[in-house]
Amino acid sequence: MNTIEIQHLQRHFTVGDETVRALDDVSFSIAPGEFVSIMGTSGSGKSTLLNILGCLDTPTSGSYRLDGEDVQTMDDNQLASIRNRKIGFVFQSYNLLPRTTALENVELPLFYNRHVSPRERTERAKEALRLVGLESRMQHTSAQLSGGQQQRVAIARALVNDPVLILADEATGNLDTRTSYEIMALFQDLHAQGKTIAFVTHEPDIAAFTTRIIRLRDGHIVEDVSNTPISATQTLQAL
């Protein structure tokens, strides 16, 4: 069973007298364990596809299944639940609470899971922070962390619910080159552990670290190719 299954997806909307075809008959799937980059310019429908993958938007027509579930038949409460349970989000701007510790930020998604006790919530958050190399920064607030460390906290927060998909939106967009490659090395480590990752980017050097590249232009997929990824760790060492 694919993690994502999209068939003939369309998303049209009207701006003034013009119909914008953000997505036009888009079909693709993402299998468990894939590390896929989704590329395109800002006007290509990339953002629309990101919103649909994150269950934040609905297509005009077509079908979208996440981990075998038909997302389009769900009401708002069901969509909120599936976002929390099955998708780990990593944003360009980190989206951390500023006066809250790294540990508390990572715990946040688990507050909405009534099956997780406070003690388990804390232990799972600590383990997620260890996975991203921040065991010594758990009690630091966001203001006390560098940009790269804040993004690591955001990645730990995405991992804490053990989602079926990590969905990263321009996750290196606010970082310098060295820190970007450090973050991509972390994503490659997570991929090696079997995590399924969809990484939305417009940067070819970032897409080069992934195992598959999907390119969008004018609402269409113009390329969907396997890629032999370069090592982010080795690239970092060569800087």
Side-chain angles (χ1 to χ4, degrees), residues 1-6 28-38 47 49-58 64-97 102-117 120-134 150-172 183-201 209-212 214:
M1 180 177 63
N2 287 317
T3 300
I4 289 174
E5 188 73 46
I6 281 176
F28 68 93
S29 60
I30 297 177
E34 281 200 280
F35 187 5
V36 180
S37 54
I38 298 170
S47 298
L49 180 59
L50 171 68
N51 282 337
I52 290 174
L53 292 180
C55 304
L56 302 171
D57 200 357
T58 55
Y64 171 35
R65 301 182 72 85
L66 174 64
D67 197 32
E69 297 190 56
D70 186 353
V71 173
Q72 290 171 248
T73 63
M74 296 181 179
D75 60 28
D76 288 344
N77 288 335
Q78 290 171 318
L79 288 173
S81 176
I82 201 170
R83 284 196 296 269
N84 182 258
R85 290 184 294 111
K86 297 204 171 187
I87 303 175
F89 293 92
V90 183
F91 301 98
Q92 179 176 346
S93 56
Y94 322 136
N95 286 12
L96 302 180
L97 298 178
L103 183 63
E104 290 166 332
N105 268 288
V106 176
E107 285 182 304
L108 277 175
L110 296 175
F111 276 101
Y112 304 99
N113 189 335
R114 67 180 185 275
H115 300 296
V116 178
S117 69
E120 182 183 354
R121 184 173 66 225
T122 299
E123 288 306 311
R124 285 172 61 171
K126 286 180 177 179
E127 178 58 26
L129 284 165
R130 291 189 192 101
L131 281 174
V132 300
L134 285 181
Q150 289 186 63
Q151 194 59 294
R152 285 175 181 268
V153 173
I155 294 169
R157 182 182 58 194
L159 290 170
V160 75
N161 247 343
D162 192 24
V164 299
L165 174 70
I166 299 173
L167 181 56
D169 176 18
E170 303 281 3
T172 59
I183 293 299
M184 293 310 296
L186 174 56
F187 274 109
Q188 286 187 332
D189 287 343
L190 294 171
H191 171 243
Q193 295 169 33
K195 301 297 183 184
T196 307
I197 305 168
F199 199 104
V200 178
T201 184
F209 297 123
T210 69
T211 62
R212 179 180 166 199
I214 298 174

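Computed from a predicted model, the values in this text were never measured in an experiment. We count residues from 1, following the sequence as given.
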- request: Verify side-chain contact (heavy atoms from CB on, under 4.5 Å) between L159 and K195, making sure each step is shown before the conclusion.
  value: CA-CA 9 Å; L159 290 170; K195 301 297 183 184; 4.0 Å; yes
- prompt: So which heavy atom on L103 is nearest to which on A125, and how close?
  reply: CD1-CB, 3.6 Å
query: Which of these passes side-chain contact (heavy atoms from CB on, under 4.5 Å) with V164: I87, L66, T196?
result: L66
query: So, for Y64 and I4, which heavy atoms are closest and what is the spacing to 0.1 Å?
result: CE1-CG2, 3.9 Å
message: Show, in sequence, the C-alpha distance, side-chain angles and deciding distance for E69 and Q78, and conclude whether the side-chain contact (heavy atoms from CB on, under 4.5 Å) test is met.
response: CA-CA 11 Å; E69 297 190 56; Q78 290 171 318; over 6 Å; no
field: Nearest heavy atoms of A102 and V153, plus distance in Å
entry: CB-CG2, 3.8 Å
- prompt: Would you say R157's side chain and Y94's backbone share a donor-acceptor pair under 3.5 angstrom?
  reply: yes
message: Determine whether a donor-acceptor pair (N or O, by modelled atom type, separation under 3.5 Å) exists between the side chain of R212 and the backbone of V36.
response: no
query: Is the count of non-hydrogen atoms from other residues, nucleotides or ligands lying under 6.0 Å from D75 atom CG greater than 12?
result: yes
message: For the CD atom of Q193 and the CG atom of L190, what is their distance to the nearest 0.5 Å?
response: 5.5 Å
- prompt: To the nearest 0.5 Å, how far apart are CD in Q150 and OG in S93?
  reply: 10.0 Å
message: Donor-acceptor pair, distance only, cut-off 3.5 Å: does the side chain of N161 make one with the backbone of N84?
response: yes
message: So, taking the atom named CD in E104 and the one named CG in L96, what distance separates them when rounded to the nearest 0.5 Å?
response: 12.0 Å
query: Within the side chain of D169, is there an N or O that forms a donor-acceptor pair under 3.5 Å with the backbone of V200?
result: no
- request: If the plane angle is over 60° it's perpendicular, under 30° parallel, otherwise tilted; pick one for F187 and F199.
  value: perpendicular
Shortest non-hydrogen contact between L165 and A198, atoms and distance: CD1-N, 3.9 Å
field: From CD (E120) to NE2 (H115), nearest 0.5 Å
entry: 11.0 Å
message: What's the separation between atom CG in L134 and atom CG in L129, rounded to the nearest 0.5 Å?
response: 6.0 Å
task: Could you pull out the closest heavy-atom pair between T122 and E107, with the gap in Å?
output: OG1-OE2, 2.6 Å
query: Between the side chains of T211 and E34, does any donor sit under 3.5 Å from an acceptor?
result: no
Value rounded to 0.5 Å, distance of CG in L50 from CG in D57: 10.0 Å
Smallest separation among heavy atoms of M184 and F35, with atom names: CE-CZ, 3.8 Å
- request: Using the side-chain contact (heavy atoms from CB on, under 4.5 Å) rule, take T201 and T210 through it: C-alpha gap first, then chi angles, then the decisive distance, then the call.
  value: CA-CA 11 Å; T201 184; T210 69; over 6 Å; no
task: State, with a plain yes or no, whether a side-chain heavy atom of I6 is found less than 4.5 Å away from one of L53.
output: yes
task: Output, in order, the C-alpha distance, side-chain angles, deciding distance and verdict of side-chain hydrogen bond (donor to acceptor under 3.5 Å, both in side chains) for T58 and Q72.
output: CA-CA 7 Å; T58 55; Q72 290 171 248; over 6 Å; no
message: Check this for me, if you would: do E127 and R130 make a salt bridge, where the nitrogen-to-carboxylate-oxygen distance has to be below 4.0 angstrom?
response: yes
message: Is there a side-chain contact (heavy atoms from CB on, under 4.5 Å) between L131 and I155? Walk through the geometry before answering.
response: CA-CA 10 Å; L131 281 174; I155 294 169; over 6 Å; no
